Amino acid sequence: MRKALVTGVTGQDGSYLVELLLSKGYEVHGLIRRASTFNTARIDHLFQDLHEKDVALFLHHGDLADASGMAELISSVKPDEIYNLAAQSHVRVSYETPVYTSDITGLGFTRLLEAVAKSGLQPRVYQASSSEMFGASPPPQNESTPFMPQSPYAAAKVYAYHMARQYREGHGLYVSNGILFNHESPRRGETFVTRKVTMAIARIKAGLQNELFLGNLDSRRDWGYAPEYVTAMWKILQQDQPGDYVIGTGSSVSVKDFIEESFSYAGLDPAEYIRTDERYFRPLEVPSLLADASKSINQLGWTAETDHAHLAQIMVDADMDLLGVENPGVGKEWAYRNGEPFYTWPGKV
Ligand code: NAP
Ligand code: G4F
C-alpha cells in the first residue's frame, strides 16, 4: 500500500485529493491545523474511526510554520508521495498579511523540503504552484513564460517554485511543480469570487440577500473544475522524472462573464444586484490568465473536461441545494456522470 502525506488536507483541493488517493488504495496522512472551531467540514465524510479495521486516513496536527514538527511527521510516516497544498492562499488577504503569507506560502515549503532532505527518505514531492506567478505576463502562459508576480502571495509562490527546482537539481530530490490555473467547485472557499457569486445567487433566490458587492470585474481567469485538477497532481507524481507542468482549460473569461453566466442560469439579471466596493480591489491586479497546457496534455495525458459555463452551473446548483432552493438542476449533469457521482462527494460542503 503506497503512503501519501497531504498538507492542506482540509482545503478545497486537499479534500478532493484525499478522495482520489483513497480510491486508488493509498494510505493517506493529512496535516491539519489545530483550531478552536472545527475546520474539517470538507473531509468529514471521509473520516474513519481509528478503532475500526482497515483505516486508511490518518490526520496529524501540525503547521507549516513548525519545522521540527514537519521533520518528525515525515520521519515517522515515511511517505512515498508528499503533496504540499497548504498555504495562505487568498491573494487579496496577502496584501494585508505579506509577512505571514511569505512565511507559510513560501518558507513553509522550504521547511518541508529540508525535512525531506534530512530524513534520508526519497519521497516524490508535489508543490502547489500557481498561475498567479505569471502575474503581469501576457497570455497565454506556459512553462516557459516569465514570472511577473503582482502580490505577496504570488511572490511567495515564485520563491517556493524556485526552491523546488533547486532541491531537484542540487539535492537530487524528486520535486515537481504543478502550475495550476484557477480551479473551483462547490467546496471553494466562500471569499473567492466564483463562490461568492454562486452563494449570492442562492441567497438572492432564498430571499436572504439583494445586493452583491464586488471589486474588479474586468480581469480574466482560466477557470476549471477542481476534482479534475487533483487528478493532474497525482499524474504529475507518477512521471518517471520530476518536472514542472501547467494545468488549465485553455479558455478564459472575465469575472463579468462568469457573473452573467451564473446569474442567467438562475434566471436572474445581474444588473439588479451587482454593486462595487473599493475594498475588494487590489493594489495590483493580474489582468489576464490563460493556460497553454500543451505539455500536460501531451506528457500527462491530462485535459480539462469541464468549462467555465458548466462549472458555473455546478456551483449554482450546489449552493441552491445547500439552501434548499428549487433550482434548474441542469448543472448536476456535469457534476455526475451517467447518474453516478463524479467522485464520492455526498453533496454537502
Ligand atoms: P484552500 O482551500 O485555501 O486550502 C488551504 C489549505 O492550507 C487549508 O487546508 C488550510 O488549513 C491549510 N493551511 C493554511 N495555512 C496553513 C499552515 N500555516 N499550516 C498548515 N496548513 C495550513 O486552498 P486550495 O484552493 O485548496 O488550494 C490548494 C493549494 O493550491 C494552495 O497552496 C493554493 O495556494 C494552491 N493553488 C490553488 C489554486 C486554486 O485555484 N484553487 C490555483 C493554484 C494554486 P485550514 O483549513 O485550517 O485553513
Ligand atoms: O477568486 P479570486 O480571489 O482568485 P485569484 O486572485 O485569481 O486567486 C486564486 O487563483 C490563483 C490561481 O491563479 C490561486 F493561486 C490562488 O490561491 C486563488 O485560488 O479573484 C479572481 C478575480 C481577481 O481578479 C479579483 O480582483 O476576481 C476579482 N474580484 C472581483 N471582485 C474579486 C472580487 N475577487 C474576490 N476574491 N472577491 C471579490 O469581491
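Here the structure is a predicted model, which is why all the values come from computation and not from measurement. Remember, it's 1-based here, ligands and their atoms both numbered in the order they're listed.
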Can a donor-acceptor pair be found, under 3.5 Å and without considering hydrogens, that links the side chain of Thr40 to the backbone of Ile43?
no

Exam field: side chain Lys235 to backbone Leu300, donor-acceptor pair closer than 3.5 Å:
yes

Would Ser185 and Gln12 count as having a side-chain donor-acceptor pair, cut-off 3.5 Å?
yes

Which bit of Lys157 is near ligand 1, meaning a heavy atom under 4.0 Å away: side chain, backbone, both or neither?
side chain

Could you identify the single nearest non-hydrogen protein atom to atom 26 (O) of ligand 2 and state the distance to 0.1 Å?
Glu285 OE2, 2.6 Å

Could a heavy atom of Arg188 be found less than 4.0 Å from some atom of ligand 2?
yes

Do side-chain atoms of Lys205 reach the backbone of Leu268 as a donor and acceptor pair under 3.5 angstrom?
no

Sub-4.0 Å atoms of ligand 1 with respect to non-hydrogen atoms of Ser129
43 (C), 44 (C)

Which residue owns the protein heavy atom closest to atom 4 (O) of ligand 2, what's the atom, and how far is it?
Asn182 ND2, 3.7 Å

Using a 4.0 Å heavy-atom cut-off, say whether Val255 meets ligand 2 through its side chain, its backbone, both or neither.
side chain

Does Asp80 use its side chain to pair, donor to acceptor, with the backbone of Lys3 at less than 3.5 Å?
yes

Among all protein heavy atoms, pick out the one at the shortest distance from atom 1 (P) of ligand 1; state its residue, atom name and that distance to 0.1 Å.
Ser89 OG, 3.7 Å

Aromatic ring pairing His29/His60, orientation class (parallel under 30°, perpendicular over 60°, tilted between)
parallel

Looking at atom 38 (C) of ligand 2, what's its closest protein heavy atom, distance included?
Lys196 NZ, 3.8 Å

Do the charged groups of Lys196 and Glu184 touch, with an N to O distance under 4.0 Å?
no

What do you reckon, does Tyr280 have a nitrogen or oxygen under 3.5 Å from a nitrogen or oxygen of ligand 2?
no

Give me the nearest non-hydrogen protein atom to atom 30 (C) of ligand 2 as residue plus atom name, then the distance to 0.1 Å.
Asn216 O, 3.1 Å

May I ask whether Arg92 places a heavy atom under 4.0 Å from ligand 2?
no

Arg92 side-chain N/O to Arg279 backbone N/O, donor-acceptor pair under 3.5 Å:
yes

For ligand 2, indicate whether the residue Ser219 contacts it via side chain, backbone, both or neither (heavy-atom separation under 4.0 Å).
side chain

Between Arg195 and Asp319 (salt bridge meaning N to carboxylate O under 4.0 Å), is one present in this structure?
yes

protein heavy-atom neighbour closest to atom 41 (N) of ligand 1 works out as Arg188 NH1, 3.2 Å

Check for me whether Tyr153 has a heavy atom closer than 4.0 Å to any atom of ligand 2.
yes

In the protein, what heavy atom is nearest to atom 13 (O) of ligand 2, and what distance, to one decimal place, separates them?
Ser131 OG, 2.6 Å

Ignoring hydrogens and geometry, is there a side-chain-to-backbone donor-acceptor pair from Asp222 to Ala291 under 3.5 Å?
yes

Considering distance alone, does some N or O of Trp223 sit under 3.5 Å from an N or O of ligand 2?
no

Does a sphere of radius 6.0 Å around CG in Asp49 hold more than 12 heavy atoms from other residues, nucleotides or ligands, not counting ones at 6.0 Å or beyond?
yes

Just one of Val6, Leu85, Leu180, Leu20 clears the side-chain contact (heavy atoms from CB on, under 4.5 Å) bar with Val230, so which one?
Leu20

Nearest protein heavy-atom contact for atom 43 (C) of ligand 1: which residue, which atom, what distance?
Leu180 O, 3.1 Å

Given Gly189, Ser130, Ser288, Gly135, which has its nearest heavy atom closest to atom 15 (F) of ligand 2?
Ser130

List every atom of ligand 1 that sits less than 4.0 Å from any heavy atom of Asn182, numbering the atoms from 1 in the order shown and giving each element.
40 (O)

Answer side chain, backbone, both or neither: which part of Lys157 comes under 4.0 Å from ligand 2, heavy atoms only.
neither

Distance to the ring centre below 6.0 angstrom and angle to the axis at most 45 degrees; does that hold for Arg221 and Phe258?
no

Starting from atom 3 (O) of ligand 2, locate the nearest protein heavy atom and write down its residue, its atom name and how far away it is, to 0.1 Å.
Arg282 NH2, 2.8 Å

Atom 10 (C) of ligand 1 [closest protein heavy-atom partner, distance rounded to 0.1 Å]:
Thr10 OG1, 4.0 Å

So, Glu143 side chain and Val246 main chain: donor-acceptor pair closer than 3.5 Å or not?
yes

Pull out every atom of ligand 1 sitting under 4.0 Å from any heavy atom of Gly8, numbered as shown with elements.
6 (C), 7 (O), 9 (O), 12 (C)

I'd like to know if the side chain of Glu305 and the backbone of Tyr225 have a donor-acceptor N/O pair within less than 3.5 Å.
no

How close does the nearest protein non-hydrogen atom get to atom 14 (C) of ligand 1, and which residue and atom is it?
Ala87 O, 3.2 Å

Check each of Ile247, Asp63, Leu64 against atom 18 (N) of ligand 1 and report the one with the nearest heavy atom.
Asp63

Do Glu19 and His45 pair up side chain to side chain, a donor and an acceptor below 3.5 Å, judged on atom types alone?
yes

Looking at ligand 2, is there an atom of it that comes within less than 4.0 Å of some heavy atom belonging to His90?
yes

Under 3.5 Å, is there a donor-acceptor pair between the side chain of Glu228 and the main chain of Thr306?
yes

Among Tyr153, Trp223, Phe38, Phe181, whose heavy atom sits nearest atom 36 (N) of ligand 1?
Tyr153

Would you check if there is a donor-acceptor pair between the side chains of Ser176 and Gln239 at a distance under 3.5 Å?
no

Is there a donor in the side chain of Thr110 and an acceptor in the side chain of Tyr159, or the other way round, less than 3.5 Å apart?
yes

Heavy-atom nearest neighbour in the protein, as seen from atom 26 (O) of ligand 1, with distance rounded to 0.1 Å
Asp13 N, 2.8 Å

Any idea which protein heavy atom is nearest atom 31 (N) of ligand 2, and the distance to it?
Gly215 N, 2.8 Å

Can you find a side-chain donor-acceptor pair between Thr105 and Thr101 that sits under 3.5 Å?
no

If we set the cut-off at 4.0 Å for heavy atoms, which region of Val193 has an atom near ligand 2: side chain, backbone, both, or neither?
both

Give the residue, atom name and distance (to 0.1 Å) of the protein heavy atom nearest atom 8 (O) of ligand 2.
Val91 CG2, 3.6 Å

Atom 2 (O) of ligand 1: the protein heavy-atom neighbour that sits closest, reported with distance to 0.1 Å
Gln12 N, 3.1 Å

May I ask you to identify the nearest protein heavy atom to atom 48 (O) of ligand 1, giving residue, atom name and distance to one decimal place in Å?
Arg33 NH2, 2.8 Å

If hydrogens are left out, which of Met133, Glu184, Arg221, His183 has an atom nearest to atom 42 (C) of ligand 1, that is, the closest non-hydrogen atom?
His183

May I ask you to check whether Leu217 has an N/O atom sitting below 3.5 Å from an N/O atom of ligand 2?
no

Checking Asn39 side chain against Arg33 main chain: does a donor-acceptor pair fall under 3.5 Å?
yes

Contact region, Thr191 to ligand 2, non-hydrogen atoms below 4.0 Å, reads backbone

Which bit of Tyr16 is near ligand 1, meaning a heavy atom under 4.0 Å away: side chain, backbone, both or neither?
neither

If you count the atoms of ligand 1 from 1 in the order shown, which ones are under 4.0 Å from a heavy atom of Gly11?
2 (O), 4 (O), 8 (C), 9 (O), 26 (O)

Could you list the atoms of ligand 1 found under 4.0 angstrom from a heavy atom of Ala128?
29 (C), 30 (O), 32 (O), 35 (C)

Nearest 0.5 Å please: distance from the CH2 atom of Trp223 over to the CG atom of Asp307.
13.0 Å

